[in-house]
Participant: 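Please read through the structure below; I'll follow up with questions.
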2 protein chains.
Amino acid sequence: MITIKDIAKEANVSVGTVDRVLHNRGGVSPKTEDKIRKILKQKKFKINTIASSLAMKKNLNLATLIPQYDGENVFWKSPMSGIQKGSQEVNPYGIENHIFTFDQFNPQSYTDAFKMLIQLQPDAVVMVPIFIKETTEIIQTLSHRKIPYLFFNVDLKGYNNLCYIGQKSFEAGILAGKLTRLCIDSEDEVLIVLTRKNLYDYEANFERVKGFVHYFKENKPETKIHELQFDEPSKVEQSGERINDFLKKHPQIKGILVPSSRISNVCRVIDHDKLKELKLVGFDTTPQNVEALEKGLVTFLISQKSFNQGYKSIKTMANYLVHKKIPNNEIPTPLEIITKENYNFSHSEERKYYNEN
Amino acid sequence: MITIKDIAKEANVSVGTVDRVLHNRGGVSPKTEDKIRKILKQKKFKINTIASSLAMKKNLNLATLIPQYDGENVFWKSPMSGIQKGSQEVNPYGIENHIFTFDQFNPQSYTDAFKMLIQLQPDAVVMVPIFIKETTEIIQTLSHRKIPYLFFNVDLKGYNNLCYIGQKSFEAGILAGKLTRLCIDSEDEVLIVLTRKNLYDYEANFERVKGFVHYFKENKPETKIHELQFDEPSKVEQSGERINDFLKKHPQIKGILVPSSRISNVCRVIDHDKLKELKLVGFDTTPQNVEALEKGLVTFLISQKSFNQGYKSIKTMANYLVHKKIPNNEIPTPLEIITKENYNFSHSEERKYYNEN
DNA sequence: TCAAATTACGTGTACGCACACATGTTGTAA
DNA sequence: TTACAACATGTGTGCGTACACGTAATTTGA
């Protein structure tokens, strides 16, 4: 292992000069710089990241704004855990992450949480920008104070955020289309079930549907695509009748897409016998969805690896703060196809995290 | 951030004593130990991994034994890159990895490479145990010298290796079965094409086929499964005739499985018109396979993320050497389902590596 | 009772780098 | 010649830990 000291000795200069060259800090005569650069290249010097990190130890505050999760809305548990794992990892770099949560259905709680957050005077913010109007305000405050911020999971455009980390919804919809089409016969029809017009995921769901429809239009335009919409959230059970009626009326429907993360709710209400002849494609590996998958009720789940989204968000921001490494404006997370047969071999990072904590 | 020093001050002892407690090194009186432990817990002390790593800097040699890749056998490029990325990352910990390659079809080159390797006197070995007989010899040498070793990508049993990192082939075959079944109609038949009876991947291919057959037996026993085998490696082109004849003779064949990583070869030789009505499922995202996928010739590829396998192998071994962290005996890598629609969003780590290097 | 052995703890240094500060060197104008 | 920039380079310290070594305190044994 070749160190700065070795380089310095070889070049007959001090480590300080080598350091100046390494970081383009200036104040070095051209010929010494040349000499040092040559030796650096020749000896293939690489900065020891560990020692470097240790020496650069910052003392920064990070803040995260993310929806709470509970039994009803378990989706956010996964990104939260990713955030926590990321926080643990960047902690030794002198970065402390503070998590602020809010109710995903309550804009007020969103701004309230942000008020708490801003009092901390964070050096950067990682957030899920669920509410459009309120986000505008928040971003004003942040940019006024020159606090960098990145979005994850929810892709709100035009906010000049450092970057977006998450799934591309339209493409996810295309993939869902492909999978559905593969599962059904040539003359079959498909149904899209919109379970909930959430404030937050409306946009994403909409994009997914658009992608789905787009796929069929491009690849099999003759396929008939039906839509059913339920505006009342928790009444899905009572809406079972409506779905089942609809399916009876359209017996050629063989594929169902649920663009939200609530496909398990849908399969719960569909007649069991009918369910057997249907292929269901949904999103996200929530415990309920996975259960339905393993029972064979759901054929495909498309996972967005939300754990990784959280994790990556923290790491990306830390990298930006510590090493001034500017990320791509968009960091798409995988469109991971999950079936009963490969679920056990996915999400290993997340499982590992849960085992260790 | 709370440090060892803080703890020491609080407990009226020196940092050395705290360190002894932290690492159960002994030589501390019970009451001081108690006191220190209490303070540690109360202040939620966490070892700073960076400083720790720097202080623990080892000076170890790692050695990797892996097949070469070339234009013909590009498969091994990916794990090799993973190995290289891992090597870069563990380098600052004072671990130097040395890579030795061999010809995957030549057992002699395997043992020759190992002879070179062992001269280095490595402290640990990461290897792909392709040849059974020769591996037995190699392992004898290694265990005699008490050098720990792990296997990756090829799962040879009964060699007392530290662990195996790679795909579970039988399960991969099951998944392939599921995907194939979803794609074809109820009365269709399927064909398994064994392109090459490689020395090395024979076992893996065989397991995949077993899993595939098992899936149909369990879920759709009436499906007829044909097999075609080509023992001569590079003559696939000439064998095109044989495949096409076979397909003509069995027009009900609609799904094809190629358990090796050479599905692109198969689609090259099949009549173009016939190909359109077939669903092909194969393995590994080699450039050729990906090309076939993007042209729509192949429906599904199952990726084993071999880049990650290589990467993880190095990291796992380094973790074992530095922190004595004993890994699970088996670390299964994902069964990743790749289609034309989601390929762009997978293998991001690998792509990033190539971009940076 | 006293030296030797054992135990309990403190001290100092190394790890490799980043950065602030000190020191040196050259050139230029008064 | 002196004074003083302006630039070039050297020095020292801190980051948090691991570990070898040293030293004091206590115990043991004859």
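Per chain, numbering begins at 1; letters A, B, ... match sequence-line order. Remember, predicted model here, so these are calculated numbers, not experimental data.
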Participant: Would you mind classifying the nucleic acid contact of B/Ser53 as base, sugar-phosphate or nothing, using non-hydrogen atoms under 4.0 angstrom?
Facilitator: nothing
Participant: Atom CG of A/Asp19 and atom P of D/dG14: how far apart are they, to the nearest Å?
Facilitator: 18 Å
Participant: For A/Arg20, which contact category applies under a 4.0 Å heavy-atom criterion: base, sugar-phosphate, or nothing?
Facilitator: base
Participant: With heavy atoms under 4.0 Å as the rule, sort A/Leu54 into base, sugar-phosphate or nothing.
Facilitator: base
Participant: Just to be sure I understand the rule, does A/Tyr93 reach a base, reach only the sugar-phosphate, or reach nothing, if contact means heavy atoms closer than 4.0 Å?
Facilitator: nothing
Participant: Using whole Å, report how far CG of B/Asp6 lies from P of D/dG14.
Facilitator: 15 Å
Participant: Return yes when atom OH of A/Tyr93 has more than 12 non-hydrogen atoms of other residues, nucleotides or ligands closer than 6.0 Å, and no otherwise.
Facilitator: no
Participant: Would you say the ring centers of B/Tyr110 and B/Phe102 fall short of 6.0 Å from each other?
Facilitator: yes
Participant: First and last nucleotide of DNA chain C touching chain B, 5' to 3', heavy-atom cut-off 4.0 Å?
Facilitator: C/dA8 to C/dG16
Participant: On DNA chain C, check which nucleotide each of B/Val15 and B/Lys57 is closest to and give me the residue with the more 5' one.
Facilitator: B/Val15
Participant: Hey, which of these two, B/Pro30 or A/Ala51, hits DNA chain C nearer its 5' end, going by closest nucleotide?
Facilitator: B/Pro30
Participant: Between D/dA18 atom P and B/Lys324 atom NZ, what is the distance in whole Å?
Facilitator: 13 Å
Participant: Does A/Ser14 put a side-chain nitrogen or oxygen below 4.0 Å from OP1 or OP2 of D/dG10?
Facilitator: yes
Participant: Between B/Met1 (CE) and D/dG14 (C1'), how many Å, whole number?
Facilitator: 15 Å
Participant: Over 60° means perpendicular and under 30° means parallel, so tell me whether B/Tyr149 and B/Phe151 are parallel, tilted or perpendicular.
Facilitator: tilted
Participant: Heavy atoms under 4.0 Å, any strand shown: does A/Asn59 hit a base, just sugar-phosphate, or nothing?
Facilitator: nothing
Participant: Mind calculating the distance between NZ (A/Lys9) and P (D/dG10) to the nearest angstrom?
Facilitator: 14 Å
Participant: What's the NE2-C1' distance between B/His323 and D/dA18, to the nearest Å?
Facilitator: 12 Å
Participant: Return whichever of B/Ile2 or A/Val28 has its heavy-atom-nearest nucleotide of DNA chain D closer to the 5' end.
Facilitator: A/Val28
Participant: Under 6.0 Å from the CD atom of B/Gln42, do we count more than 12 heavy atoms belonging to anything else shown?
Facilitator: yes
Participant: Step through the shown structure and confirm whether more than 12 heavy atoms of other residues, nucleotides or ligands are within 6.0 Å of CG on A/Asn59.
Facilitator: no
Participant: For B/Tyr311 and B/Glu350, does a side-chain donor sit closer than 3.5 Å to a side-chain acceptor?
Facilitator: no
Participant: Is the count of non-hydrogen atoms from other residues, nucleotides or ligands lying under 6.0 Å from B/His144 atom NE2 greater than 12?
Facilitator: no
Participant: Measure the distance from CE on A/Met56 to P on D/dG16 and round it to the nearest whole Å.
Facilitator: 15 Å
Participant: Could you give the NZ-to-C1' distance, from A/Lys35 to D/dT9, as a whole number of Å?
Facilitator: 12 Å
